[in-house]
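In what follows, chains are A, B, ... by sequence order, proteins preceding strands, each numbered from 1. The basis for the numbers below is simple: all heavy atoms, side chains too, and nothing from hydrogens, waters or symmetry mates.
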Amino acid sequence: MESLTTSRNGFLRGLLGTLGVFLLSGIGKAWGTAPGDAGHGKRPLKPGEHRWGMVIDLDKCTGCGSCVVACSTENNLALGNPQEAAMGRIIRWLKILPSQEGEFPAPKQRLLPMPCQQCDTPPCTKVCPVYATFRNEEGIVGQVYSRCIGCRYCLNACPYTCKDFNWKAPVWPKEMQASFNPDVSIRPKGVVEKCLFCHHRLQRAKEEAVAEGRPLRENDYQPACAEICPAKAIVFGDLNNNDSDAANLSKDPRAFHLLEELGAEPKVTYLKEGA
Amino acid sequence: MRPRNWTFYVQLAGFAGFCAFAVAANGWFVWRAAASYRLGDAWLPAVVMGSIIGPIFIILSWIISRLFFKIALRKTKSGKSPAPLEIFPEEEVLVAPIFEAPTGGFLATMAVLTCVSLWAIFAWCYQMYYGLAVTGLNNPVFWGFYITNFVFFIGISHAGTLISAILRIVQAEWRRSITRSAEVITVLVLVFGAGNIILDLGRPDRALNVFLAGRFQSPLMWDVCSITTYLIGSTLYLYLPLIPDIAILRDRAQGWRKPLYELLSLNWSGSHEEREVLEKCIAIMAILVIPVAVSVHTVVSYVFSMTVQPMWHSTIFGPYFVVGAIFSGIAALIIAMAVLRKGYGLENHLRAIHFENLGKLLLVMCCLWFYFTFSEYLTTWYGGEPEHMVIFNLKISGPYAPAFWLMAVTCFVVPFGVLVSPLGKTVRGTVIASSTVIVGMWLERFLIVVPTLIRPRLPYTTGGYTPSWVEISLFAGCISTFVMLYAMFTRVFPIVSIWEVREGKEQAEGEVVARIRTYFPS
């Protein structure tokens with residue numbers, strides 16, 4: 001009886017051990033959470049490829065709002081109306097968040113331009129039930145408008161509250177309908193949309209580079225907000241390219257990320273104001 | 001062999017259809033796992049989910065095959081139809097709602113409910129046409145009434161199957177007259193729970209994308225799998241104990257009911273062998289539905305707790321939601337039983353002792369609910385993380401304080417006070433406690449969903465959330481349609497299990513005495 005028990009225990013232990021080894025070796029990849037892996041719902045970053053990122057210098061930002069206008073025009077965002085604004089339903093892929101510090105007589109207002117933070121481990125792509133949002137090989141978090149079911153789980157999971165939802169079909173004044181950007185699709189009602197770092201501009205830049213038979217150059221691709229910023233507060237570039245301004249600035253002593261402690265690894269870096 | 005009439009072919013189609021569905025469900029998990037792998041996404045979640053849900057569907061189809069081969073295809077002597085099953089005089093009151101014309105009060109109630117439901121259908125069409133702009137939802141309050149109702153209805157659904165399964169397994173003899181009314185609540189209210197997700201979708205026309213492009217890392221997919229399994233399982237669990245009752249009705253019914261009962265009674269004759277098969281199937285189902293039911297509200301809670309949002313990201317949400325679900329479920333059951341008792345004169349079947357016993361269960365869940373709520377809020381407050389405290393203060397002392405304290409009163413103070421007093425042993429007392437619990441549990445769900453979304457971490461200019469008439473209409477419509485379907489069920493099937501009560505009266509006493517004897521030294 002004694003030996004039977006021992007051998008059974010031994011067998012069980014061996015079985016569990018084998019299973020454990022099998023699981024530990026495969027589990028990280030299979031769950032998509034292994035270190036260095038791109039993680040939830042994302043393809044791994046290929047080494048040597050581009051990794052697009054943005055640096056926003058809060059010292060330089062004047063809060064003029066031209067980035068918001070440029071973004072909205074570039075990406076065919078509907079204007080919205082006062083009723084929608086009162087309901088909090090205006091869609092802007094890039095917002096400027098004001099925050100008040102201190103009370104009268106010495107109040108200070110800080111401004112925070114907020115595009116999608118383009119996280120490396122995005123909390124939004126984790127929760128999508130239908131593969132409608134994903135992070136691509138170059139680090140841009142995309143949204144598939146034609147597949148999105150509009151459950152808005154990704155919006156709720158995003159700690160930065162960066163995505164937007166089409167509460168109704170977008171409408172434009174007649175005069176504006178001739179000036180749509182043909183490179184960007186119009187979103188239907190009921191789907192989620194977001195800042196894509198002007199991904200269509202990357203597509204065009206890549207096509208031009210191929211047509212001219214040369215590699216993609218550093219400044220071939222700039223999103224509308226970075227291009228327009230009169231104070232040059234927004235710097236955009238390839239974080240994998242050590243010579244790019246964006247890569248260097250993102251290592252600046254003033255550099256910080258929003259809500260860094262949540263571990264979403266955003267690729268939008270801010271440079272501290274007044275330091 | 002029984003004659004090959006149309007009922008045989010429909011039953012065959014049902015059996016074959018379900019088996020095909022079970023196979024397809026298993027194949028679907030494999031397909032999704034392979035698709036995830038191809039996309040470079042994690043495939044293990046699909047495999048894990050499939051290896052849990054897949055075997056459950058196989059067990060369900062095995063049960064259905066038992067029903068088909070052992071009951072429906074049973075060899076009968078000389079091919080004669082079985083002798084009619086009789087209805088005893090004291091059981092007439094149970095079949096009266098089925099065979100007697102409905103009263104004026106019943107019809108008037110149904111008419112009112114129909115109006116509310118039609119209005120809700122109009123509201124839904126309105127929302128489909130104009131989009132979710134017609135709701136009070138906004139940026140950043142992306143979820144509101146619909147998700148609250150989803151969690152609330154799924155919670156209510158724990159009334160039936162779970163309670164009736166637990167009582168069956170522990171052989172609580174007093175369960176016999178209440179299980180049916182509980183199981184019907186489960187099946188019907190689940191439909192509305194899942195339906196509220198459809199109401200909430202921006203693109204309900206694309207809802208099937210969860211099957212075509214399902215991604216198992218999403219807690220919403222876990223919900224889809226778990227709730228679908230629960231709905232199918234609890235429908236079967238409702239149907240199994242109905243079979244002998246349908247057979248009893250079949251032998252008296254006329255007109256349109258006759259073919260319906262003939263089809264659903266599976267040629268039941270009440271022989272010993274049939275009973276053995278059926279009782280074994282019921283026993284298996286009773287065990288099977290408990291983990292499924294627990295998983296349902298656990299994964300509903302995971303939808304919130306898997307995010308990193310303040311006061312959603314809580315480790316106790318799984319059991320907290322399950323406890324709340326059973327709590328609200330028992331309350332809903334007590335109210336439904338009280339209405340049935342009054343409306344159909346079932347005082348002799350749904351007796352004060354049933355309410356007293358359910359009241360005790362309600363009291364236990366009330367204490368557990370308080371324990372969980374206390375733990376949840378105390379740890380948040382003591383830890384005092386600023387982001388969590390923003391939400392905490394919204395609930396305790398901010399704009400949601402009235403709702404929060406009303407919840408505390410209706411979920412704990414009133415039901416606890418009533419149930420520990422002598423009033424807790426009466427029908428009236430348990431109904432009062434249950435009514436407040438229903439209100440309180442809805443508030444609890446609302447207070448979990450909305451306040452977290454009102455204040456994002458970053459300094460957004462935020463408004464608030466006021467539900468629009470569309471959301472309120474659809475909530476009212478869900479409730480009215482549920483009540484209507486429940487009332488219609490009571491007009492087609494007996495709401496108190498005839499055969500189980502009969503069996504209890506005839507056999508249970510001897511069984512219980514024999515069982516008690518085994519507890520003690522001989």
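- Remark: the backbone N or O of B/L137 is not paired with any side-chain donor or acceptor of A/W167 at under 3.5 angstrom.
- With a 6.0 Å radius and a threshold of 12 heavy atoms from other residues, nucleotides or ligands, B/W381 has its CH2 atom at or below the threshold.
- For CZ of B/F29, the number of neighbouring non-hydrogen atoms (other residues, nucleotides, ligands) closer than 6.0 Å is greater than 12.
- Within residues 89-96 of chain A, the residues that have a heavy atom under 4.5 Å from a heavy atom of chain B are A/R89, A/K95, listed by number.
- Considering every non-hydrogen atom in both B/Y460 and A/Y160, the closest pair reads OH-O, 2.6 Å.
- Around atom CH2 of A/W172, more than 12 heavy atoms belonging to other residues, nucleotides or ligands sit under 6.0 Å away.
- Counting heavy atoms from C-beta on, the side chains of A/V127 and B/L220 never come closer than 4.5 Å.
- Annotation: the span from A/N156 atom CG to B/W312 atom CH2 amounts to 4.0 Å, rounded to 0.5 Å.
- The main-chain N or O of A/T125 is never found under 3.5 Å from a side-chain atom of B/Q217 such that the two would form a donor-acceptor pair.
- Pairing each heavy atom of A/M114 with each of B/L458, the nearest pair is CE-CD1, 3.5 Å.
- Residue A/E261 qualifies as enclosed at atom CD: its count of foreign heavy atoms under 6.0 Å is above 12.
- The greatest number of non-hydrogen atom pairs below 4.5 Å with chain A, out of B/T135, B/D205, B/V308, is found for B/T135.
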### Message
Evaluate B/L132 against A/F165 for side chain to side chain contact (heavy atoms under 4.5 Å, CB included), listing each step before the verdict.
### Response
CA-CA 10 Å; B/L132 286 170; A/F165 182 72; 3.6 Å; yes

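- Heavy-atom minimum distance, B/R206 versus A/V191: NH1-CG1, 3.5 Å.
- Taking the side chain as every heavy atom from C-beta outward, B/Q309 and A/T161 never approach each other to under 4.5 Å.
- Using a distance-only test at 3.5 Å, with no hydrogens or angles considered, no donor-acceptor pair links the side chain of A/R152 to the main chain of B/L201.
- Here the side chain of A/Y153 pairs a donor or acceptor atom with the backbone of B/V303 at under 3.5 angstrom.
- For chain B, the option among A/C151, A/G150, A/P129, A/A132 with the highest count of heavy-atom pairs below 4.5 Å is A/P129.
- Smallest separation of non-hydrogen atoms from A/P159 and B/R457: CB-NH1, 3.6 Å.
- Interface remark: B/S36 contributes backbone and side-chain atoms alike to the contact with chain A (heavy atom separation under 4.5 Å).
- The candidate from B/A33, B/G214, B/P219, B/P456 with the greatest count of non-hydrogen atom pairs under 4.5 Å with chain A is B/P219.
- With respect to chain B, the highest number of heavy-atom pairs below 4.5 Å among A/C128, A/A157, A/S99, A/P123 belongs to A/C128.
- For residues 444-452 of chain B, an interface with chain A (any heavy-atom pair closer than 4.5 Å) does not exist.
- Side-chain atoms of A/K189 never come within 3.5 Å of backbone atoms of B/G202 as a donor-acceptor pair (strictly under, hydrogens ignored).
- The part of A/L262 that comes within reach of chain B is its side chain, from C-beta onward, which places non-hydrogen atoms under 4.5 angstrom from that chain.
- Distance check: B/F142 CZ to A/C158 SG gives 8.5 Å after rounding to the nearest 0.5 Å.
- Remark: A/Y145 OH is packed, more than 12 non-hydrogen atoms of other residues, nucleotides or ligands lying under 6.0 Å away.
- Here A/R147 is the residue among A/R147, A/R110, A/K168 with the most heavy-atom pairs under 4.5 Å with chain B.
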### Message
Working note: A/Y131 + B/D41, criterion side-chain hydrogen bond (donor to acceptor under 3.5 Å, both in side chains); need CA distance, chi angles, decisive distance, verdict.
### Response
CA-CA 10 Å; A/Y131 286 102; B/D41 193 12; 2.9 Å; yes

